Amino acid sequence: MTDDLLTRYNYDEFVPAKFEPWMRFDQSPPLGSKGPDFPLWTLDGTETSLSAIWSANSYTVVEFGSFT
Amino acid sequence: MNAIAERYADAGVGSIFLYTNEAHPGEIYPHLTSMEQKLRHATALRDVLGVSRRILVDSLDGACHRAYGSMPNMTWIFNQAGTPIYKSDWSDSHSVENAVQYFLQVLDRRRNRERMAPFRVERLDYRIQDQAQFYTGLERNGPKAVTEFRDAFG
């Protein structure tokens with residue numbers, strides 16, 4: 001993890017030069033093949049993973065987003 | 001989306017909200033600089049905005065979010081094997097519920113021993129654009145968020 005990546009990903013202002021590079025839905029994983037797994041954290045800071053989530057139910061709906 | 005989560009929980013459909021970067025940082029909810037701050041903002045999502053689904057937080061560098069296309073408010077549906085079976089570049093409850101109902105029917109059909117093979121389909125779905133509600137949300141982030149959005153999109 002580099003400071004540059006942290007700064008670019010967590011951009012400080014909503015200007016096209018800063019948010020447009022992250023609009024990469026066309027490069028996202030295809031349907032039908034196993035998705036990549038990542039660690040995630042609960043609100044109390046406990047680590048879990050995306051695979052722990054998707055394996056818990058027949059289907060899992062994952063909405064990505066933020067407060068803002 | 002909260003209502004859908006509740007409606008289908010007993011049918012074996014899990015639902016989470018995965019916290020990413022701040023799409024429209026403002027003075028009140030600024031851009032993220034630490035994991036502690038990210039957890040605080042995610043908690044506000046529950047306490048202020050009323051998200052009742054389980055909220056999970058991505059790493060500060062958004063490893064998961066970036067791997068899945070890093071759109072600000074997308075939705076993915078996974079099956080139990082971890083295969084994405086639905087993805088949308090924007091979250092819309094009607095679209096998601098339509099997909100959930102379809103996939104639950106697939107489970108029923110399999111239980112009834114129908115032989116099925118997956119195929120890919122593309123479809124353009126439609127969502128309601130509520131500008132007033134959107135700007136109310138921006139104002140909650142701070143005046144800077146409103147100004148920057150107006151400057152970007154008029």
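Fair warning: this is a prediction, and the values are worked out from it, not measured in the lab. Lettering follows sequence order; numbering is per chain, from 1.
Heavy atoms only, all atoms of each residue included: A:P30 and B:P84 are closest at O-CG, 4.1 Å. Residue B:A23 comes nearest to A:S66 through the heavy atom pair N-OG, 3.5 Å, listed as atom of the first residue, atom of the second, then distance. When all heavy atoms of A:P29 and B:K87 are compared, the pair lying nearest together is O-NZ, 2.7 Å. A:D12 and B:H31 get closest at one heavy-atom pair: CB-ND1, 3.3 Å. Listed here is the closest heavy atom pair of A:P36 and B:Y68: O-OH, 2.7 Å.
Taking OG from B:S88 and CZ from A:F25, the interatomic distance works out to 6.0 Å, rounded to the nearest 0.5 Å. Considering CD of B:E22 and CD of A:E13, their distance stands at 15.0 Å, rounded to 0.5 Å. Rounding to the nearest 0.5 Å gives a distance of 11.0 Å between CG of B:D61 and CG of A:D3. A distance of 9.0 Å separates CG of B:L60 from CG of A:L5, quoted to the nearest 0.5 Å. Atoms CH2 and CZ, from B:W76 and A:F64 in turn, are 7.5 Å apart once rounded to the nearest 0.5 Å.
Contact of A:L43 with chain B is made through backbone and side chain together, with heavy-atom distances under 4.5 Å. With a threshold of 4.5 angstrom between heavy atoms, A:V15 does not approach chain B through any atom at all. With a 4.5 Å cut-off on non-hydrogen atoms, B:S91 touches chain A through its side chain but not through its backbone. If you measure heavy-atom distances from A:T42 to chain B, the contacts under 4.5 Å come from both the backbone and the side chain. With a threshold of 4.5 angstrom between heavy atoms, B:R66 approaches chain A through its backbone and through its side chain. For A:T7, no part lies near chain B; criterion is any non-hydrogen pair under 4.5 Å. Within the 4.5 angstrom heavy-atom criterion, no atom of B:D151 approaches chain A. Proximity to chain B is limited to the side chain of A:L50, based on heavy atoms less than 4.5 angstrom apart. Heavy atoms closer than 4.5 Å to chain A are found in both the backbone and the side chain of B:M74.
Of the listed residues (A:D44, A:T48, A:I53), the one with the most heavy-atom contacts under 4.5 Å to chain B is A:I53. With respect to chain A, the highest number of heavy-atom pairs below 4.5 Å among B:R53, B:H41, B:R40 belongs to B:R53. Contact count against chain A (heavy-atom pairs under 4.5 Å) is highest for B:G69 among B:A63, B:A5, B:G69, B:P72. Between chain B and the options A:W41, A:F38, A:Y9, heavy-atom pairs under 4.5 Å are most frequent for A:Y9. With respect to chain A, the highest number of heavy-atom pairs below 4.5 Å among B:A44, B:A145, B:P118 belongs to B:A44. Ranking A:A56, A:P16, A:G32 against chain B, the residue ahead of the rest is A:G32, based on heavy-atom pairs under 4.5 Å. Ranking B:G142, B:P25, B:G82 against chain A, the residue ahead of the rest is B:G82, based on heavy-atom pairs under 4.5 Å. If you tally non-hydrogen atom pairs under 4.5 Å between each of B:N73, B:V100, B:V96 and chain A, the highest count goes to B:N73. Considering only heavy-atom pairs separated by less than 4.5 Å from chain A, the leading option among B:A81, B:A42, B:G137 is B:A81.
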For the pair B:H24 and A:F14, evaluate ring pair (Phe, Tyr, Trp, His ring centres under 6.0 Å) and give the outcome as yes or no after the intermediate values. CA-CA 6 Å; B:H24 301 282; A:F14 185 76; 4.3 Å; yes
Report the C-alpha separation of B:L18 and A:L40 in whole Å, then their side-chain angles, then the decisive distance to 0.1 Å, and conclude whether the side chain to side chain contact (heavy atoms under 4.5 Å, CB included) test is met. CA-CA 8 Å; B:L18 207 167; A:L40 302 172; 4.0 Å; yes
Evaluate the criterion side chain to side chain contact (heavy atoms under 4.5 Å, CB included) for residue pair B:Y8 and A:Y59; output intermediate values, then yes/no. CA-CA 10 Å; B:Y8 297 96; A:Y59 301 117; over 6 Å; no
Walk me through whether A:V61 and B:I16 qualify under side chain to side chain contact (heavy atoms under 4.5 Å, CB included). CA-CA 6 Å; A:V61 178; B:I16 67 161; over 6 Å; no
Start with the C-alpha distance between B:N141 and A:F67, add both sets of side-chain angles, then the distance that settles side chain to side chain contact (heavy atoms under 4.5 Å, CB included), and finish with yes or no. CA-CA 8 Å; B:N141 310 339; A:F67 189 96; 3.9 Å; yes
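Taking the six-membered ring where tryptophan is involved, the planes of A:F19 and B:F153 are tilted, since the angle between them lies from 30° to 60°.
Within a 6.0 Å sphere centred on CG of B:D10, other residues, nucleotides and ligands contribute 12 heavy atoms or fewer. Applying the 6.0 Å contact sphere to CD of B:Q133 captures no more than 12 heavy atoms from other residues, nucleotides or ligands.
Residues A:V62 and A:L31 do not share a hydrophobic cluster, clusters being chains of Ile/Leu/Val/Met/Phe/Trp/Tyr side chains in contact below 4.5 Å. At a threshold of 4.5 Å between side-chain heavy atoms, the hydrophobic network of Ile, Leu, Val, Met, Phe, Trp and Tyr places B:I77 and B:F17 in two separate groups. In the hydrophobic clustering of ILVMFWY residues, with side-chain heavy atoms under 4.5 Å counting as a link, B:M1 and B:L49 come out apart. Cluster membership for B:V13 and B:L56, using ILVMFWY side-chain heavy atoms within less than 4.5 angstrom, is not shared.
Residues A:W54 and B:Q80 have side chains not in contact (no heavy-atom distance under 4.5 Å, counting atoms from C-beta outward).
Using a distance-only test at 3.5 Å, with no hydrogens or angles considered, no donor-acceptor pair links the side chain of A:E63 to the main chain of B:T75. Under a 3.5 Å cut-off, the side chain of A:T60 and the backbone N or O of B:G14 do not form any donor-acceptor pair. Of the possible donor and acceptor atoms, none in the side chain of A:R24 sits under 3.5 Å from a partner among the backbone N and O of B:M71.
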Sequence neighbours left out, cut at 3.5 Å: what donor-acceptor pairs do the side chains of residues 102-109 of chain B make with other protein atoms?
| residue | atom | partner | partner atom | Å |
| --- | --- | --- | --- | --- |
| B:D108 | OD1 | B:R111 | NH1 | 2.8 |
| B:R109 | NE | B:E114 | OE1 | 3.0 |
| B:R109 | NH2 | B:E114 | OE1 | 3.2 |

